[in-house]
2 protein chains.
Amino acid sequence: MRIGEAAKASGVSAKMIRHYEAVGLLPAAARRDSGYRDYGDSDVHALRFIRRARDLGFSLAEIAGLLALWRDKARASAEVKRLALAHVEALERKARDLSAMASTLRHLAAHCHGDARPDCPILEGLAGGGG
Amino acid sequence: MRIGEAAKASGVSAKMIRHYEAVGLLPAAARRDSGYRDYGDSDVHALRFIRRARDLGFSLAEIAGLLALWRDKARASAEVKRLALAHVEALERKARDLSAMASTLRHLAAHCHGDARPDCPILEGLAGGGG
DNA sequence: CTTGACCTTCCAATGATGGGAATCCCCATC
DNA sequence: GATGGGGATTCCCATCATTGGAAGGTCAAG
């Protein structure tokens, strides 16, 4: 199939498929006489793998590692688990950081009367507060 | 003071101070005869404002809006509160998304025995699992 | 033989930050 | 007054993932 169909079947845009090939995440696709890229089911499978991993917040570098493990039938699951759990911790850390930001800001907002007066603890907090 | 001192006093790197000026977040700084930028206490104050807002996850575009409100003595606090609460919701949404990713991945990892066997539900989940 | 959908490559922008080069200014010391 | 060094200037490039567009080639249907 051509790149457009592969894109539709995998949920990865044609633009990104070419990009992933360019940065070495995917091997160079087979070409027809016309020069068009030609994909098979296994390629779509790999693309879906990439898409799911992206949805889970893995970076392309991490995905390259996961793909190598995925394609290596002899690899140990321990390595995969290690990568996955390290990523889980990074995700949870980021989530905590964002929550902390949100609650700080919500706290500032709670003390802002939010009417026509110019008095605003939010701006004061940003301007002068500690931290 | 020169840019290096202003950087130290505000916690914003000299590189970023120039960048903020270049993208219009800050007005062009005063210059000495030598061409060096010259900063006063109020400039440092503004830089600290920016830094705090960045720490709270505001984008530079959002900060531009907050700065305008901050400098406008007559503005209503309602507008500031509206911006702040909208940002709080965006932060909380992102935090929830990351938490969801983490728990999905943690769930997959929990079913991976993590030993020398190649069997791995994490990779299977990435390769074939539902959306 | 034209139309239109699809494909190709290449270049550039996004947003925030950082690295580094080449050059210049300022100040202290000899 | 020459020199050395630290700080300043501008400019270009890199990151990371993705998207947009331009200029052109290919293919199937009318």
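Just so you know, these numbers come straight off a predicted model, no measurement behind them. Chain letters run A, B, ... following the sequence lines, proteins first and then strands; every chain starts at 1.
For the pair B:Arg2 CZ and D:dG7 P, the computed distance is 8 Å after rounding to whole Å. Between the CG atom of A:Leu56 and the P atom of D:dA17 there is a distance of 15 Å, given to the nearest Å. Rounded to an integer number of Å, the gap from B:Glu5 CD to D:dG7 C1' is 11 Å. In this structure, CD of A:Glu21 is placed 17 Å from C1' of D:dT18, rounded to the nearest angstrom. Rounded to a whole Å, the CG atom of B:Asp38 is 14 Å from the C1' atom of D:dG7. Taking atom CD1 on A:Ile63 and atom C1' on D:dC16, their separation rounds to 12 Å, with Å as the unit.
A close approach under 4.0 Å does occur between a side-chain nitrogen or oxygen of B:Arg37 and OP1 or OP2 of D:dT10. Between A:Tyr36 and the phosphate of D:dG25, there is no side-chain N or O to OP1/OP2 separation shorter than 4.0 Å.
The closest side-chain heavy-atom distance from B:Leu26 to B:Asp43 is not below 4.5 Å. The side-chain heavy atoms of B:His87 and B:Leu91, taken from C-beta on, include a pair separated by under 4.5 Å. Side-chain contact check for B:His19 versus B:Leu25: every heavy-atom pair is 4.5 Å or farther apart.
Counting 5' to 3', DNA chain C first comes under 4.0 angstrom of a heavy atom of chain A and last does so at the ends given by C:dC6 to C:dT9.
Across all their heavy atoms, A:Ile63 and A:Arg54 have their closest contact at CD1-CD, 3.5 Å.
If you find the closest nucleotide of DNA chain D to B:Lys15 and to B:Lys8, the one lying nearer the 5' end belongs to B:Lys8. Of the two residues contacting DNA chain D, namely A:Ser34 and B:Arg18, the nearest-nucleotide position lying further toward the 5' end is that of B:Arg18.
Residue contacts shown for B:Phe58 are absent, as no nucleic acid heavy atom lies under 4.0 Å away. Among the atoms of the strands shown, none is found under 4.0 Å from any heavy atom of B:Arg32.
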Inset, instruction - Show your working on side-chain contact (heavy atoms from CB on, under 4.5 Å) between A:Leu69 and A:Glu79 and close with a plain yes or no. - result: CA-CA 8 Å; A:Leu69 292 173; A:Glu79 174 65 3; 3.8 Å; yes
Legend entry - Stepwise side-chain contact (heavy atoms from CB on, under 4.5 Å) check, A:Leu47 with A:Arg51: CA-CA 6 Å; A:Leu47 285 169; A:Arg51 192 176 127 62; over 6 Å; no
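Within 6.0 Å of NE2 in A:His113 there are more than 12 heavy atoms belonging to other residues, nucleotides or ligands.
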